[in-house]
J.: 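Quick one: the structure is below, questions incoming.
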Amino acid sequence: MLINMQKTASRVDIAAVLDQLSKQGIDAQVVRQAESAVVIVANGSSGDNVRSLSGSPGVDKVLDIDQPFKLASRQARHESTIVNVSGVKIGGSDIVVMAGPCSVESREQILATAVAVKKMGAKILRGGAYKPRTSPYEFQGLGVTALELLREARELTGLPIVTEVMGTDDVDLVCKYADMLQIGARNMQNFALLRRLATCGKPVMLKRSPAATVREWLLAAEYLLVGGNADVVLCERGVRGFERETRNTLDVNAIALAKQLSHLPVIADPSHATGRRELVAPAAKAAIGAGADGLLIEVHPNPDSALSDGTQSLKFNEFDDLMHSLREPMRRLA
Ligand code: PEP
Ligand code: MN
């Protein structure tokens, strides 16, 4: 159950509600949300006991949420959430395209890509500084050097930056550079990282694990929300199925389902979902058809020489073609 407090609720009102809950043996967590003052999440409680608090001083309304992801649920908030990433709004009427290389490899590579994708209509620049690689012998990312280069690319183009943070130790550093922090698919249930990013003060893009159900994905988002970060963007990046011709399988159902179950914006990553450059455009369009609010696309000046994910990275002209072909779906066919 959720207890939404009025914006004018005093500390005494909040304490009185908590006291009532605790007297009834009900566990509660207080969440401070920028626009709606305070929400109290009451766990494992009998509904009637909580519902009886609806007339208490400072209480706006008591919501009965039957989903386990309470704050992420559309039952908690009917309007779609719009996440503002340094002025770029994700979840509104425009499809937001984030583009850039899998990994930041050099100054020339990231600056050339940033300039090109901006010209072609991307609104956010992506680029990995810390790379989660299956093999320890593969390129692991340039770390802080890459973060400096991303900063330079932002200064040059004005594009906000999204980049992955792999562990709690790196959060302070990555926060200094990124406009939005990416939680990679392999880290979707890294609960220490989720808890830490709940208080980082920056929007978070939460990738779905290739083996997670939509419920698990939304519960991972719940960690961020209950910890105090309301700026969460969900990203579907393909799940592992039996197909071997593609790297993963874009779960279009999950995009539509997450949009129905949750008020959070959902974007799609057709690059990792397909693993094949020639499938990125059709998968991107399918994602938009299913209701995605944006796309994350890997683009590289010379994919054949990329240090990671070259086979799924678009060349500049291919990205330009994709952006042109998206014009119709961008008018919201969904
Ligand atoms: C990436 O975005 O380059 C990446 C590593 O993604 P994922 O975590 O989805 O594999
Ligand atoms: Mn990649």
Side-chain angles (χ1 to χ4, degrees), residues 85 96-105 109-110 113 117 122 124-136 138-143 146-147 149-150 160-167 170 174 178-190 193-194 197 203-212 214 216-217 220-221 232-241 246-251 254-255 258 266-277 279-280 283-284 287 292 294-315 319:
V85 181
V96 174
V97 177
M98 314 176 202
C102 178
S103 305
V104 177
E105 299 170 4
Q109 176 240 23
I110 191 65
T113 309
V117 299
I124 295 181
L125 178 67
R126 65 147 289 148
Y130 297 92
K131 296 303 304 176
R133 303 308 302 278
T134 302
S135 162
E138 289 171 330
F139 177 62
Q140 303 286 309
L142 295 180
L147 295 174
L149 293 172
L150 286 168
I161 303 296
V162 58
T163 194
E164 178 163 354
V165 58
M166 279 173 49
D170 299 329
V174 178
D179 297 277
M180 176 158 69
L181 294 128
Q182 171 173 332
I183 299 184
R186 295 157 185 82
N187 262 325
M188 188 200 85
Q189 285 186 318
N190 179 338
L193 185 62
L194 290 166
L197 289 183
V204 172
M205 181 173 81
L206 177 65
K207 286 194 146 194
R208 178 185 179 197
S209 154
V214 169
E216 287 163 339
W217 187 24
V232 178
V233 176
L234 300 166
C235 177
E236 156 60 27
R237 46 76 75 206
V239 291
R240 183 165 285 190
T246 54
R247 185 175 179 183
N248 291 291
T249 298
L250 179 67
D251 188 354
I255 296 169
V266 180
I267 67 153
D269 170 352
S271 306
H272 291 87
T274 62
R276 292 172 68 145
R277 184 176 310 137
L279 295 180
V280 168
L295 297 168
L296 185 71
I297 308 277
E298 288 189 336
V299 179
H300 195 286
N302 180 12
D304 291 340
S305 69
L307 297 180
S308 60
D309 289 351
T311 55
Q312 67 195 35
S313 299
L314 300 187
K315 298 172 187 160
F319 180 67

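All ligand and atom numbering here is 1-based and tracks the order in the structure.
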J.: Without hydrogens or angle criteria, can the side chains of Arg133 and Gln140 be said to hold a donor-acceptor pair below 3.5 Å?
T.: no
J.: Around ligand 1, what residues show up once you keep those with a heavy atom under 4.0 Å from it?
T.: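 Protein residues near ligand 1 are Cys102, Arg126, Lys131, Pro132, Glu164, Gln182, Gly184, Ala185, Arg186, Lys207, Arg237, His272, Glu298.
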J.: Is the closest side-chain donor-acceptor distance between Thr274 and Thr246 under 3.5 Å?
T.: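 No.
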J.: Would you kindly say whether His272 and Asp309 are connected by a side-chain donor-acceptor distance under 3.5 Å?
T.: yes
J.: Are any side-chain N or O atoms of Glu105 and backbone N or O atoms of Leu307, one a donor and one an acceptor, separated by less than 3.5 Å?
T.: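 Side chain of Glu105 to backbone of Leu307, a donor-acceptor pair under 3.5 Å: yes, one is there.
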J.: Any non-hydrogen side-chain atom of Ile124 less than 4.5 Å from a side-chain atom of Val85?
T.: yes
J.: For the Mn ion (ligand 2), how many protein N, O or S atoms lie at less than 2.8 Å?
T.: 4
J.: With heavy-atom distances below 4.5 Å as the criterion, would you say the side chains of Leu147 and Ile161 are in contact?
T.: no
J.: Report yes or no: does Arg276 contribute a side-chain atom to a donor-acceptor pair with the main-chain N or O of Thr311 at less than 3.5 Å?
T.: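 Side chain of Arg276 to backbone of Thr311, a donor-acceptor pair under 3.5 Å: no, none is there.
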J.: Using modelled atom types only, decide if a donor and an acceptor are shared between the side chain of Glu138 and the backbone of Ser135 within a distance under 3.5 Å.
T.: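 Yes, Glu138 side chain to Ser135 backbone: donor-acceptor pair under 3.5 Å.
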J.: Okay, side chain of Asn248, backbone of Gly241: is any donor-acceptor separation there less than 3.5 Å?
T.: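 No, because the side chain of Asn248 does not come within donor-acceptor range (under 3.5 Å) of the backbone of Gly241.
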